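Inspection log for the structure reproduced underneath, given as structure tokens.
None of these values were measured; they are calculated from a predicted model. A, B, ... follow the sequence lines: proteins, then strands. Residue 1 opens every chain.
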Amino acid sequence: MLSLQFIRKNQDMVLDALKSKKVILNLETILEIDTERRDLIRNVDDLKAKRNKVSQLISIKKKNNENSDEEIKNMRSVSENIKRLDDKLKKKLKKLNSLLLYIPNIFHNSVPSGLSEENNILVREWGKKPDQNKDYKDHVHLCDKLNLTDFSRASKMSGSAFPLYTNLGAKLERSLINFMLDYHIKQHGYSELMPPFLTNREATTTTGQLPKLEDDMYYIESDDLFCIPTAEVPVTNMYANEILRQDDLPLKHVAYSACFRREAGSYGKDTRGLLRVHQFNKVEMVNFVVPSQSYEFLEKLTKDAEDILQELNLHYRVISLCKGDISFAAAKCYDIEVWSPGEQKYLEVSSCSNFESFQARRGNIKYRCNKDQKVHFVHTLNGSGLATPRLMVALLETYQNDDGSISIPKVLQPYMGIDVIKK
RNA sequence: GGAGAGUUGGCAGAGCGGUAAUGCAGCGGAUUGCUAAUCCGUAGUCGGCGAUAGUCGGCUCCCGAGUUCAAAUCUCGGACUCUCCGCCA
């Protein structure tokens with residue numbers, strides 16, 4: 001959410017964000033309602049000031065046993081007017097707020113222009129593509145041969161695109177999660193959380209999934225709760241409606257969660273195996289920081305995610321998303337894509353974003369500044385570190401051997417207890 | 001699912017129809033000056049005027065509705081926390 005004051009003063013930036021993020025919304029309407037709002041506030045505040053003054057007077061007269069019938073009579077009509085205007089104001093505010101929730105975040109000035117994927121900028125690459133002459137089997141083939149997943153049986157209980165990991169596949173999944181958690185905690189100083197996987201409407205609005213993306217969420221109607229699409233939702237809301245101490249910042253949390261996405265509208269795209277699934281596991285990093293430092297932390301957070309791929313020795317690249325590719329709530333975003341030898345393409349395994357004060361404003365997350373003792377919104381950031389399905393794809397494919405077995409990377413061996421998966 | 005208790009400014013805690021005591025902490029200032037004491041100021045938010053400093057006003061005692069000239073205080077509805085009972089992993 002942006003402040004009305006900001007919108008009033010920076011209409012061009014807001015229009016750019018609306019256009020780039022493909023949000024259809026009439027800014028004029030919002031500004032008109034805002035003007036009406038301010039007029040109403042002025043009127044009703046004047047009346048209330050009058051009421052307060054006269055009430056004071058009545059109180060004094062009563063104490064002195066003086067008659068105040070005249071004042072009381074006058075105040076009756078004043079109060080009626082106040083009520084009328086307050087109702088009107090409340091309706092305006094409600095309408096205004098519902099519109100404001102649809103305004104996307106504005107861009108940081110380093111975000112590349114352009115509306116499509118091709119305009120994303122390659123920031124860096126790490127490692128090398130594995131030997132291009134080798135005959136790489138894809139992960140579906142490998143999982144099948146080594147009994148690591150069982151999609152056809154999963155469909156019996158949940159339908160398509162819900163993974164069922166089996167045997168060493170399940171253990172590998174668990175190992176990846178534990179390795180990543182342990183690594184971020186030990187090497188990067190994160191504190192661990194295990195959050196609820198269902199969140200209410202309010203919390204889901206804070207992070208920006210609602211109201212715009214409700215169709216992409218799994219929803220439990222009887223309790224008005226949403227299955228989280230990422231641990232970002234519960235973790236970011238941890239400090240909702242709180243004023244944090246500046247000395248407590250930065251707060252860096254890492255959390256494992258299952259993630260649920262309906263992927264409405266993306267049927268037929270990347271449907272094979274683990275490439276796009278409705279439920280997956282992810283280790284998520286969330287930062288709460290002082291505004292002046294948030295872009296430093298975005299770089300750091302992205303490196304934290306990259307470290308996992310480096311430890312696993314997997315080839316990847318980092319790209320800076322252009323205006324048209326950045327999500328609704330983000331001001332700037334890096335995607336990390338790992339190389340899949342089986343697919344012969346890069347797969348997104350992490351998205352690291354700075355939301356600046358966008359989520360903080362929606363969730364009312366503030367801190368008290370040491371210097372001036374005033375209260376300001378924090379900046380929130382988050383990034384996957386990492387999501388497992390595509391990581392597993394790249395891992396299995398990259399580490400496959402000619403005899404059909406799969407070597408286990410060194411860092412995972414303590415978790416797996418073996419160094420190779422074979423038939 | 002049933003019963004009870006509670007929710008007040010960063011924290012603690014009074015007030016129970018006349019417009020938020022007090023204590024502590026933090027921050028700012030004053031004063032005295034021997035590792036401290038004392039005193040003063042200091043919540044958030046929205047709006048008006050003002051270039052800024054500032055200043056004036058509104059709102060805010062968990063949320064919402066109601067009664068009243070006036071609600072932290074009374075009535076109704078709801079959320080959350082704690083305790084007990086029931087059921088269940």
Would you kindly give the [atom1]-to-[atom2] distance between [X] and [N], to the nearest whole Å?
{"X": "A:Leu47", "N": "B:rC46", "atom1": "CG", "atom2": "P", "result": "22 Å"}
{"X": "A:Tyr367", "N": "B:rG26", "atom1": "OH", "atom2": "C1'", "result": "16 Å"}
{"X": "A:Glu80", "N": "B:rA70", "atom1": "CD", "atom2": "P", "result": "10 Å"}
{"X": "A:Ile82", "N": "B:rC69", "atom1": "CD1", "atom2": "P", "result": "13 Å"}
{"X": "A:Lys48", "N": "B:rG58", "atom1": "NZ", "atom2": "P", "result": "10 Å"}
{"X": "A:Leu85", "N": "B:rG47", "atom1": "CG", "atom2": "C1'", "result": "15 Å"}
{"X": "A:Ile58", "N": "B:rG18", "atom1": "CD1", "atom2": "P", "result": "14 Å"}
{"X": "A:Leu40", "N": "B:rC59", "atom1": "CG", "atom2": "C1'", "result": "15 Å"}

With [atom1] as the reference atom in both, quote the distance from [N] to [M] in angstrom, rounded to an integer.
{"N": "B:rC61", "M": "B:rU19", "atom1": "P", "value": "16 Å"}
{"N": "B:rA37", "M": "B:rA30", "atom1": "C1'", "value": "14 Å"}
{"N": "B:rA72", "M": "B:rC16", "atom1": "P", "value": "14 Å"}
{"N": "B:rG4", "M": "B:rC76", "atom1": "P", "value": "13 Å"}
{"N": "B:rC62", "M": "B:rA12", "atom1": "P", "value": "14 Å"}
{"N": "B:rG6", "M": "B:rG13", "atom1": "C1'", "value": "14 Å"}
{"N": "B:rC63", "M": "B:rG10", "atom1": "P", "value": "13 Å"}
{"N": "B:rG44", "M": "B:rU38", "atom1": "C1'", "value": "30 Å"}

Nearest to side-chain heavy atoms of [X], which nucleotide of [options]:
{"X": "A:Ser79", "options": "B:rG44, B:rG58, B:rC69", "answer": "B:rC69"}
{"X": "A:Arg42", "options": "B:rG47, B:rG44, B:rG18", "answer": "B:rG47"}
{"X": "A:Lys62", "options": "B:rC46, B:rG18, B:rG57", "answer": "B:rG18"}
{"X": "A:Ser59", "options": "B:rG58, B:rG44, B:rU19", "answer": "B:rU19"}
{"X": "A:Arg37", "options": "B:rA43, B:rA70, B:rG47", "answer": "B:rG47"}

Quick one: do [X] and [Y] make a salt bridge, cutoff under 4.0 Å?
{"X": "A:Arg38", "Y": "A:Asp34", "result": "yes"}
{"X": "A:Arg261", "Y": "A:Glu263", "result": "no"}
{"X": "A:Asp224", "Y": "A:Arg201", "result": "yes"}

*Side-chain donor-acceptor contact under 3.5 Å, A:Lys332 with A:Ser353*: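 Distance-only check fails for A:Lys332 and A:Ser353.
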Under 3.5 Å, is there a donor on one side chain and an acceptor on the other for A:Asn167 and A:Asn147? no
Output yes when at least one side-chain N/O atom of [X] is less than 4.0 Å from OP1 or OP2 of [N], else no.
{"X": "A:Lys366", "N": "B:rU45", "result": "yes"}
{"X": "A:Arg38", "N": "B:rG48", "result": "yes"}
{"X": "A:Arg76", "N": "B:rC69", "result": "yes"}
{"X": "A:Gln56", "N": "B:rG18", "result": "no"}
{"X": "A:Lys83", "N": "B:rU67", "result": "yes"}
{"X": "A:Arg51", "N": "B:rG57", "result": "no"}

Backbone of A:His139 reached by a side-chain donor or acceptor of A:Glu397 within 3.5 Å:
yes
* Asked: Under the 3.5 angstrom rule, does the side chain of A:Asn237 hit a backbone N or O of A:Ala240 as a donor-acceptor pair?
  ->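 Looks like no, no N/O pair under 3.5 Å.
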Indicate, with a heavy-atom threshold strictly under 4.0 Å, whether [X] touches base, sugar-phosphate, or nothing.
{"X": "A:Lys53", "value": "nothing"}
{"X": "A:Asn52", "value": "sugar-phosphate"}
{"X": "A:Arg8", "value": "sugar-phosphate"}

Note, A:Leu176 side chain near A:Leu412 side chain (heavy atom, < 4.5 Å)
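A:Leu176 reaches A:Leu412 side chain to side chain.
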Margin query: Between the base of B:rG47 and the side chain of A:Asp45, is there a donor and acceptor pair under 3.5 angstrom?
Written below: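 Checked by distance alone, the answer is no.
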Those residues at least two apart in sequence (or on a different chain) that pass side-chain contact (heavy atoms from CB on, under 4.5 Å) with A:Ser191 are A:His253
Which sits closer to the 5' end of RNA chain B, A:Arg368 or A:Met75, going by the nucleotide each is nearest to?
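Result: A:Arg368.
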### Message
If you assign each of A:Lys73 and A:Asp34 to its closest nucleotide in RNA chain B, which residue comes earlier from the 5' end?
### Response
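The answer here is A:Asp34.
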With syn defined as a glycosidic angle within 90 degrees of 0 and anti as anything else, the base of B:rU60 is syn
Counting runs of three or more consecutive pairs, Watson-Crick or G-U wobble, with each distance below 3.5 Å, where are the stems of RNA chain B?
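Stems (3+ consecutive pairs) listed as B:1-7 with B:79-85, B:10-12 with B:22-24, B:26-30 with B:38-42, B:44-49 with B:54-59, B:62-66 with B:74-78.
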* Can you name the residues that form a salt bridge (Lys or Arg N to Asp or Glu O under 4.0 Å) with A:Lys92, not counting sequence neighbours? ->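 Testing A:Lys92 for salt bridge (Lys or Arg N to Asp or Glu O under 4.0 Å), a comparison that skips the adjacent residues, returns A:Glu36.
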